[in-house]
Amino acid sequence: MLKAEQIIPEFGSYLGIERSMSGNTVSAYLSDLTLFFESTGLDPENVRPDDIIAYFSGRQDIAKRTQSRILSAMRSFFNYMILEGYIKDNPCDRVEAPKAGRSLPDVLSVEDIEAMISSIDTSDWKGLRDRALLEVMYGCGLRVSEAVGLKISDIYFNEGFVRIIGKGNKQRLVPLGEMASDALKAYLQARPEPSGYEYSGFVFLNARGGRFSRVSAFNLVKDRAMAAGINKAISPHSLRHSFATHLIANGADLRAVQEMLGHESILTTEIYTHIDKRTWQEAILDSHPRK
(Lines give C-alpha, C1' and ligand atoms only; values in the text may rest on other atoms or scores of the structure.)
Protein backbone atom coordinates (compact mmCIF):
# COMPACT_ATOMS: atom_id res chain seq x y z
CA MET A 1 0.00 0.00 0.00
CA LEU A 2 1.39 3.37 -1.05
CA LYS A 3 1.88 5.72 1.91
CA ALA A 4 1.56 9.52 1.83
CA GLU A 5 5.06 10.02 3.22
CA GLN A 6 6.42 8.13 0.20
CA ILE A 7 4.57 9.91 -2.58
CA ILE A 8 4.43 13.49 -1.25
CA PRO A 9 8.21 14.12 -1.60
CA GLU A 10 8.06 12.73 -5.16
CA PHE A 11 5.18 15.08 -5.91
CA GLY A 12 7.21 17.99 -4.51
CA SER A 13 10.09 17.22 -6.88
CA TYR A 14 7.63 17.02 -9.78
CA LEU A 15 6.18 20.45 -8.95
CA GLY A 16 9.57 22.08 -8.64
CA ILE A 17 11.32 20.48 -11.60
CA GLU A 18 8.64 19.69 -14.18
CA ARG A 19 6.04 22.31 -13.28
CA SER A 20 8.63 24.99 -12.37
CA MET A 21 6.59 26.15 -9.38
CA SER A 22 8.16 28.51 -6.87
CA GLY A 23 9.61 27.14 -3.65
CA ASN A 24 6.94 28.90 -1.59
CA THR A 25 4.10 27.36 -3.60
CA VAL A 26 5.63 23.88 -3.43
CA SER A 27 6.13 24.22 0.31
CA ALA A 28 2.51 25.32 0.82
CA TYR A 29 1.15 22.46 -1.29
CA LEU A 30 3.20 19.83 0.55
CA SER A 31 2.23 21.25 3.93
CA ASP A 32 -1.47 21.18 3.01
CA LEU A 33 -1.24 17.59 1.79
CA THR A 34 0.73 16.38 4.79
CA LEU A 35 -1.84 17.89 7.17
CA PHE A 36 -4.71 16.29 5.22
CA PHE A 37 -3.25 12.79 5.34
CA GLU A 38 -2.13 13.10 8.96
CA SER A 39 -5.60 14.32 9.97
CA THR A 40 -7.56 11.68 8.06
CA GLY A 41 -5.18 8.71 8.39
CA LEU A 42 -6.04 7.76 4.80
CA ASP A 43 -3.72 6.25 2.22
CA PRO A 44 -3.47 8.24 -1.04
CA GLU A 45 -4.94 5.43 -3.13
CA ASN A 46 -8.07 5.19 -0.97
CA VAL A 47 -9.20 8.82 -0.84
CA ARG A 48 -12.77 9.36 -2.00
CA PRO A 49 -14.71 12.59 -2.71
CA ASP A 50 -16.69 12.18 0.53
CA ASP A 51 -13.42 12.06 2.49
CA ILE A 52 -12.38 15.42 1.08
CA ILE A 53 -15.79 16.98 1.71
CA ALA A 54 -15.78 15.67 5.28
CA TYR A 55 -12.29 17.09 5.82
CA PHE A 56 -13.34 20.58 4.76
CA SER A 57 -16.56 20.34 6.76
CA GLY A 58 -14.46 19.79 9.84
CA ARG A 59 -12.21 22.75 9.09
CA GLN A 60 -14.56 25.69 9.36
CA ASP A 61 -11.70 27.63 10.99
CA ILE A 62 -10.00 28.29 7.66
CA ALA A 63 -11.01 30.91 5.12
CA LYS A 64 -12.60 30.00 1.81
CA ARG A 65 -9.57 31.25 -0.08
CA THR A 66 -7.37 28.90 1.94
CA GLN A 67 -9.79 26.04 1.29
CA SER A 68 -9.51 26.74 -2.43
CA ARG A 69 -5.71 26.59 -2.24
CA ILE A 70 -5.82 23.29 -0.35
CA LEU A 71 -8.23 21.83 -2.89
CA SER A 72 -5.95 23.01 -5.70
CA ALA A 73 -3.02 21.25 -4.01
CA MET A 74 -5.07 18.06 -3.69
CA ARG A 75 -6.24 18.19 -7.29
CA SER A 76 -2.69 18.59 -8.55
CA PHE A 77 -1.52 15.78 -6.26
CA PHE A 78 -4.10 13.29 -7.46
CA ASN A 79 -3.51 14.27 -11.09
CA TYR A 80 0.14 13.43 -10.46
CA MET A 81 -0.91 10.03 -9.07
CA ILE A 82 -2.96 9.41 -12.22
CA LEU A 83 0.05 10.40 -14.33
CA GLU A 84 2.21 7.90 -12.43
CA GLY A 85 -0.41 5.14 -12.75
CA TYR A 86 -1.25 4.87 -9.05
CA ILE A 87 -4.96 5.70 -9.46
CA LYS A 88 -7.42 6.09 -12.35
CA ASP A 89 -9.72 8.89 -11.17
CA ASN A 90 -9.19 12.18 -9.36
CA PRO A 91 -11.43 12.32 -6.25
CA CYS A 92 -11.33 16.14 -6.36
CA ASP A 93 -13.27 16.20 -9.63
CA ARG A 94 -16.50 15.74 -7.69
CA VAL A 95 -15.69 18.32 -5.03
CA GLU A 96 -16.87 21.87 -5.67
CA ALA A 97 -14.43 24.62 -4.77
CA PRO A 98 -15.74 27.17 -2.24
CA LYS A 99 -16.69 30.52 -3.68
CA ALA A 100 -14.30 33.02 -2.17
CA GLY A 101 -15.10 36.69 -2.30
CA ARG A 102 -12.42 39.27 -2.73
CA SER A 103 -11.70 40.22 0.86
CA LEU A 104 -9.37 43.11 1.40
CA PRO A 105 -7.21 43.72 4.44
CA ASP A 106 -7.73 46.77 6.61
CA VAL A 107 -5.99 49.90 5.36
CA LEU A 108 -3.62 51.61 7.74
CA SER A 109 -3.33 55.37 7.71
CA VAL A 110 0.04 57.08 7.27
CA GLU A 111 -0.21 57.99 10.95
CA ASP A 112 -0.74 54.31 11.83
CA ILE A 113 2.40 53.36 9.90
CA GLU A 114 4.41 56.09 11.61
CA ALA A 115 3.14 55.00 15.03
CA MET A 116 4.14 51.39 14.38
CA ILE A 117 7.63 52.32 13.26
CA SER A 118 8.10 54.87 16.05
CA SER A 119 7.23 52.21 18.64
CA ILE A 120 10.43 50.30 17.84
CA ASP A 121 13.38 50.65 20.22
CA THR A 122 16.37 51.15 17.92
CA SER A 123 19.01 51.07 20.63
CA ASP A 124 20.32 47.71 19.39
CA TRP A 125 20.78 45.98 16.04
CA LYS A 126 17.54 44.01 16.33
CA GLY A 127 15.55 47.20 16.69
CA LEU A 128 17.33 48.67 13.68
CA ARG A 129 16.50 45.50 11.77
CA ASP A 130 12.82 45.67 12.72
CA ARG A 131 12.60 49.29 11.68
CA ALA A 132 14.32 48.60 8.36
CA LEU A 133 12.04 45.66 7.65
CA LEU A 134 8.86 47.66 8.27
CA GLU A 135 10.18 50.58 6.22
CA VAL A 136 10.97 48.27 3.31
CA MET A 137 7.71 46.31 3.44
CA TYR A 138 5.67 49.50 3.49
CA GLY A 139 7.92 51.85 1.49
CA CYS A 140 8.48 49.36 -1.34
CA GLY A 141 5.15 47.53 -1.14
CA LEU A 142 6.80 44.12 -0.83
CA ARG A 143 5.22 40.77 -0.13
CA VAL A 144 6.50 39.32 3.13
CA SER A 145 8.39 36.56 1.30
CA GLU A 146 10.06 39.18 -0.91
CA ALA A 147 11.10 41.26 2.09
CA VAL A 148 12.62 38.45 4.17
CA GLY A 149 14.26 37.06 1.03
CA LEU A 150 15.91 40.36 0.11
CA LYS A 151 19.62 40.02 -0.67
CA ILE A 152 22.28 42.65 0.03
CA SER A 153 23.34 42.39 -3.61
CA ASP A 154 19.82 43.43 -4.68
CA ILE A 155 20.00 46.84 -2.98
CA TYR A 156 21.25 49.70 -5.15
CA PHE A 157 21.55 52.65 -2.80
CA ASN A 158 23.18 55.04 -5.29
CA GLU A 159 20.59 54.33 -7.97
CA GLY A 160 17.71 54.35 -5.47
CA PHE A 161 16.04 51.01 -6.13
CA VAL A 162 15.91 47.37 -5.04
CA ARG A 163 15.69 44.34 -7.29
CA ILE A 164 12.93 41.97 -6.24
CA ILE A 165 12.45 38.33 -7.18
CA GLY A 166 8.69 37.91 -7.05
CA LYS A 167 6.16 35.22 -7.87
CA GLY A 168 7.28 32.83 -10.58
CA ASN A 169 10.88 34.03 -10.12
CA LYS A 170 10.03 37.20 -12.06
CA GLN A 171 12.27 40.18 -11.42
CA ARG A 172 11.18 43.76 -11.01
CA LEU A 173 12.84 46.98 -9.93
CA VAL A 174 11.20 48.94 -7.11
CA PRO A 175 12.13 52.51 -6.14
CA LEU A 176 13.76 52.78 -2.72
CA GLY A 177 12.54 55.81 -0.79
CA GLU A 178 14.78 57.92 1.40
CA MET A 179 13.37 56.70 4.72
CA ALA A 180 13.65 53.04 3.76
CA SER A 181 17.14 53.64 2.39
CA ASP A 182 18.30 55.37 5.59
CA ALA A 183 16.79 52.61 7.76
CA LEU A 184 18.54 49.92 5.70
CA LYS A 185 21.89 51.68 5.90
CA ALA A 186 21.63 52.08 9.67
CA TYR A 187 20.74 48.41 10.09
CA LEU A 188 23.42 47.09 7.74
CA GLN A 189 26.08 49.01 9.66
CA ALA A 190 25.00 47.24 12.87
CA ARG A 191 24.10 43.87 11.33
CA PRO A 192 25.99 41.01 13.01
CA GLU A 193 27.89 38.30 11.20
CA PRO A 194 25.62 35.51 9.93
CA SER A 195 25.89 32.09 11.55
CA GLY A 196 26.75 30.41 8.25
CA TYR A 197 27.81 31.17 4.70
CA GLU A 198 24.36 30.25 3.39
CA TYR A 199 22.90 33.24 5.24
CA SER A 200 25.58 35.79 4.36
CA GLY A 201 23.70 37.24 1.41
CA PHE A 202 20.40 37.85 3.17
CA VAL A 203 19.69 41.33 4.49
CA PHE A 204 17.54 40.36 7.45
CA LEU A 205 18.94 37.99 10.06
CA ASN A 206 17.42 36.53 13.21
CA ALA A 207 18.98 36.58 16.69
CA ARG A 208 20.88 33.35 15.93
CA GLY A 209 22.41 34.73 12.75
CA GLY A 210 20.13 32.77 10.43
CA ARG A 211 17.61 34.03 7.91
CA PHE A 212 14.71 36.04 9.34
CA SER A 213 11.51 34.04 8.73
CA ARG A 214 8.08 34.90 7.38
CA VAL A 215 6.54 33.88 10.71
CA SER A 216 8.84 36.28 12.56
CA ALA A 217 7.82 39.06 10.16
CA PHE A 218 4.12 38.34 10.86
CA ASN A 219 4.77 38.46 14.60
CA LEU A 220 6.74 41.69 14.28
CA VAL A 221 3.92 43.45 12.43
CA LYS A 222 1.30 42.26 14.92
CA ASP A 223 3.44 43.27 17.91
CA ARG A 224 4.13 46.75 16.51
CA ALA A 225 0.45 47.26 15.67
CA MET A 226 -0.46 46.36 19.24
CA ALA A 227 2.23 48.67 20.62
CA ALA A 228 0.84 51.49 18.46
CA GLY A 229 -2.69 50.90 19.76
CA ILE A 230 -4.05 49.77 16.38
CA ASN A 231 -7.12 47.58 16.85
CA LYS A 232 -7.32 46.00 13.41
CA ALA A 233 -6.49 42.60 11.93
CA ILE A 234 -2.99 43.49 10.75
CA SER A 235 -0.51 41.39 8.77
CA PRO A 236 2.52 42.17 6.58
CA HIS A 237 0.16 42.33 3.61
CA SER A 238 -1.63 45.21 5.32
CA LEU A 239 1.54 47.28 4.82
CA ARG A 240 1.70 46.40 1.12
CA HIS A 241 -2.00 47.11 0.66
CA SER A 242 -1.77 50.41 2.53
CA PHE A 243 1.27 51.42 0.48
CA ALA A 244 -0.65 50.93 -2.77
CA THR A 245 -3.74 52.69 -1.45
CA HIS A 246 -1.72 55.71 -0.31
CA LEU A 247 0.09 55.94 -3.65
CA ILE A 248 -3.15 55.95 -5.64
CA ALA A 249 -4.80 58.40 -3.26
CA ASN A 250 -1.85 60.76 -3.77
CA GLY A 251 -2.19 60.63 -7.54
CA ALA A 252 0.22 57.86 -8.58
CA ASP A 253 -0.41 56.27 -11.97
CA LEU A 254 -2.19 52.92 -11.70
CA ARG A 255 0.16 51.31 -14.22
CA ALA A 256 3.19 52.43 -12.24
CA VAL A 257 1.71 50.96 -9.06
CA GLN A 258 0.99 47.73 -10.94
CA GLU A 259 4.67 47.50 -11.92
CA MET A 260 5.85 48.20 -8.38
CA LEU A 261 3.57 45.57 -6.87
CA GLY A 262 4.45 42.99 -9.51
CA HIS A 263 0.84 42.30 -10.48
CA GLU A 264 0.24 40.39 -13.71
CA SER A 265 -3.08 42.13 -14.31
CA ILE A 266 -4.00 45.73 -13.66
CA LEU A 267 -7.39 44.46 -12.48
CA THR A 268 -5.62 43.00 -9.44
CA THR A 269 -4.07 46.39 -8.75
CA GLU A 270 -7.46 48.08 -8.97
CA ILE A 271 -8.86 45.67 -6.39
CA TYR A 272 -5.97 46.11 -3.99
CA THR A 273 -5.95 49.86 -4.34
CA HIS A 274 -9.59 50.53 -3.59
CA ILE A 275 -9.75 54.30 -3.28
CA ASP A 276 -12.87 56.38 -2.87
CA LYS A 277 -14.94 57.48 -5.83
CA ARG A 278 -14.11 61.14 -5.33
CA THR A 279 -10.41 60.51 -5.93
CA TRP A 280 -11.14 58.69 -9.17
CA GLN A 281 -13.69 61.31 -10.21
CA GLU A 282 -11.28 64.20 -9.66
CA ALA A 283 -8.47 62.43 -11.53
CA ILE A 284 -10.75 61.72 -14.50
CA LEU A 285 -12.33 65.17 -14.63
CA ASP A 286 -8.93 66.90 -14.45
CA SER A 287 -7.90 65.03 -17.60
CA HIS A 288 -11.25 65.05 -19.39
CA PRO A 289 -11.19 66.56 -22.92
CA ARG A 290 -14.64 68.13 -22.39
CA LYS A 291 -14.21 69.50 -18.86
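Numbers here are sequence positions counted from 1.
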Donor-acceptor pair, Asp51 side chain versus Arg48 backbone, under 3.5 Å?
yes

side-chain hydrogen bond (donor to acceptor under 3.5 Å, both in side chains), that's the test. Do Ser31 and Thr34 meet it? Break it down for me.
CA-CA 5 Å; Ser31 178; Thr34 299; over 6 Å; no

Within a 6.0 Å radius of atom CD on Gln6, are there more than 12 heavy atoms belonging to other residues, nucleotides or ligands?
yes

Without swapping roles, check the side chain of Glu18 against the backbone of Leu15 for a donor-acceptor pair under 3.5 Å.
no

For Phe212, check ring-ring contact (aromatic ring centres under 6.0 Å, His included) against everything at least two apart and list the hits.
none

Compare all side-chain heavy atoms of Phe78 with those of Val47 and state whether any distance is below 4.5 angstrom.
yes

Does the pair Asp43/Lys3 count as a salt bridge with the N-to-O cut at 4.0 Å?
yes

When rounded to the nearest 0.5 Å, the distance separating CG of Asp32 from CZ of Phe36 is 11.5 Å

With a 4.5 Å limit on heavy-atom distance, are the side chains of Val162 and Leu173 in contact?
no

Has the side chain of Asn79 got a donor or acceptor atom that lies under 3.5 Å from a matching backbone atom of Arg75?
yes

Indicate the ring-plane relationship of Tyr138 and His246, choosing parallel, tilted or perpendicular according to the 30° and 60° boundaries.
perpendicular

So Tyr187 and Lys126, do their side chains get closer than 4.5 Å, heavy atoms only?
no

Using the side chain to side chain contact (heavy atoms under 4.5 Å, CB included) rule, pick out the option among Leu184, Leu128, Ile152 that qualifies with Arg191.
Ile152

Sub-3.5 Å donor-acceptor pair from the side chain of Ser76 to the main-chain atoms of Ala73, do we have one?
no

In terms of heavy-atom contacts, does CG of Asp89 have more than 12 from other residues, nucleotides or ligands at under 6.0 Å?
no

Check: His241 main-chain N/O paired with Thr245 side-chain donor or acceptor under 3.5 Å:
yes

Roughly how far apart are Asn158 CG and Leu176 CG, rounded to 0.5 Å?
11.0 Å

Same cluster (ILVMFWY, side-chain, under 4.5 Å), Ile155 and Ile165:
no

Minimum heavy-atom distance between Phe37 and Pro44, given as atom pair plus value:
CE2-CA, 3.7 Å

Using every non-hydrogen atom in the two residues, find where Leu30 and Phe11 come nearest and quote the distance to one decimal.
CD2-CD2, 3.9 Å

Which heavy atom of Val148 sits nearest a heavy atom of Arg214, and at what distance?
CG2-CG, 4.0 Å

Donor-acceptor contact below 3.5 Å, side chain Arg94 vs main chain Pro49
no

Between Leu35 and Tyr55, is there a side-chain heavy-atom distance shorter than 4.5 Å?
yes

For a 4.5 angstrom cut-off between non-hydrogen side-chain atoms, does Arg172 reach Glu146?
yes

Is there side-chain contact between Arg211 and Phe204, with at least one heavy-atom pair below 4.5 Å?
no

Could you point out which residue of Arg131, Glu114, Arg224 forms a side chain to side chain donor-acceptor pair (under 3.5 Å) with Ser119?
Arg224

Side-chain (Glu84) to main-chain (Met81) donor-acceptor, under 3.5 angstrom
no

Of all heavy-atom pairs linking Ile82 and Asn90, the shortest is CD1-N, 3.6 Å

Determine yes or no for a side-chain-to-main-chain donor-acceptor pair under 3.5 angstrom, with Ser242 supplying the side chain and Ser238 the backbone.
yes

Side-chain contact, heavy-atom cut-off 4.5 Å: Met116 with Val221?
yes

Would the number of heavy atoms belonging to other residues, nucleotides or ligands and lying under 6.0 Å from CZ of Arg163 be above 12?
yes

Minimum-distance pair of heavy atoms, taken over all atoms of Met137 and Ala147:
CG-CB, 3.5 Å

If you count every heavy atom of other residues, nucleotides or ligands that lies below 6.0 Å from Glu159 atom CD, does the total exceed 12?
yes

Spell out, as yes or no, whether a donor-acceptor pair under 3.5 Å connects the side chain of Asp121 to the backbone of Ser123.
yes

Give a yes or no on whether the backbone of Leu205 and the side-chain of Arg129 come within a donor-acceptor separation of less than 3.5 Å.
yes

Pairwise distance CG(Asp130) to CD(Glu135) - rounded to 0.5 angstrom:
12.0 Å

Minimal heavy-atom distance between Ile87 and Glu45, with the atoms involved, is CG2-CA, 4.0 Å

